[in-house]
Amino acid sequence: IDDLAEIDYSLNSLPAVFRPYIDLDLKGIVHPAGNHTGPPYAAAPFTITEQTDSMLYLAFSEYFFQTSSFAYYTAGAFNKTIAEEVKPGNIFFFFFFFFQTYSYFNISTEIFGSIIPEVAKYSVTPYPVMLKLMATETPLISLQPDSFTLEIQGSMEVFAVLPDSTTQLLFTMNMTANTSIALNIFNQKLMGSLCLNR
C-alpha cells in the first residue's frame, strides 16, 4: 500500500463460478510493512445482500478496517509532530479529522496563555509552540449499515520552542475522539459527512 503497510489479498478458496456471476473470496488482511504476523483480531463471517443490477460489487469487512488501523498504529502513522512553518495544504487527520492547514502553523505560547493561566505565568515572552500528537491505543473502527464510527484515544504534548531551539514541555493533554462518518454517492463521487459524537 505504502512504506508503512502491506496487504495480503490472496484467495481464501477457489472462485465460485455461477451462470450469472463469479464470487471471489479474498483475505483482505493489512500488515505493518515487513511484518506479516497475525493481527490481534478474529475475522467474523459476513454476507452480502444479493443484487444483480450492477456489473461489479465490492464488500469490505470490519476485519479489513481493523487490521488496517492496527498496521498503521504499529508503524507509528498516528504519531505526528506539528511545528512552525508547516506548508499550506498538508492534511492532518489524527484528532481533528480532515483538518486542513490553510496557512502556516503559527501558534505561540501567548495564545495558550490566554486560555491556560499557568502557561501565561511560565512564558511571559511569546515563544513558538510545537505539538506532538500520538495515539495511545489502536484506533477502533466499527461498521454500521449506513456509516462507520472511529474512536481514537491519544495524547497531545505542547512544547515551547525556545530561542536556542531547545523545547520546554508546557502541558500534556489526554483525549478521546469518537466520530461517525456517513458515506453517500453524489454526482458520481463518494462523499463522506463527519459527525463528532464526543
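Residue indices begin at 1 and follow the sequence shown.
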Exceeds 12 heavy-atom contacts within 6.0 angstrom, atom CG of L14: no
Which atom of M130 lies closest to which atom of T167, heavy atoms considered: CE-CG2, 3.7 Å
Y57 atom OH, neighbour heavy-atom count above 12 within 6.0 Å: yes
Residue pair F65 / S142, side-chain heavy-atom distance below 4.5 Å: no
Inter-residue atom distance Q66.CD - I141.CD1, 0.5 Å rounding: 8.0 Å
Between CG on residue L24 and CG on residue L58, distance to nearest 0.5 Å: 10.0 Å
Side-chain donor or acceptor of N184 paired with backbone N/O of F186 under 3.5 Å: no
Cluster check V30, L140: I/L/V/M/F/W/Y, side chain < 4.5 angstrom: no
Non-hydrogen atoms of S147 and A182 that approach each other most closely: CB-CA, 3.8 Å
Inter-residue atom distance T176.OG1 - E151.CD, 0.5 Å rounding: 6.0 Å
Residue pair V129 / L131, side-chain heavy-atom distance below 4.5 Å: yes
Check: F18 ring centroid to Y21 ring centroid under 6.0 Å: yes
Shortest non-hydrogen contact from K132 toward F159: CD-CE1, 3.8 Å
For A135 against N79, the heavy-atom pair lying closest together: N-OD1, 3.4 Å
Min side-chain heavy-atom separation I7-F64 under 4.5 Å: yes
Heavy atoms of other groups near L169 CG, more than 12 under 6.0 Å: yes
Candidate list T67, D2, T138, test side chain to side chain donor-acceptor pair (under 3.5 Å), partner Y72, passing option: D2
Student check: side-chain heavy atoms of L11 and D25 closer than 4.5 Å: no
Close side-chain approach of I29 and Y63, heavy atoms under 4.5 Å: yes
Contact check, side chains of Y127 and V161, non-hydrogen atoms, under 4.5 Å: no
Least distance between heavy atoms, L143 atom then F148 atom: CD2-CB, 3.5 Å
Distance in Å, N174 CG paired with Q153 CD, rounded so as to fall on 0.5 Å steps: 9.5 Å
CE-NZ distance between M134 and K80, expressed to the nearest 0.5 angstrom: 12.5 Å
Under 3.5 Å: donor-acceptor pair, side chain of N187, backbone of K189: no
Over all atoms of both residues, closest heavy-atom pair of P139 and L150: CB-CD1, 4.0 Å
Separation between OG of S155 and CE of M173, rounded to the nearest 0.5 Å: 10.0 Å
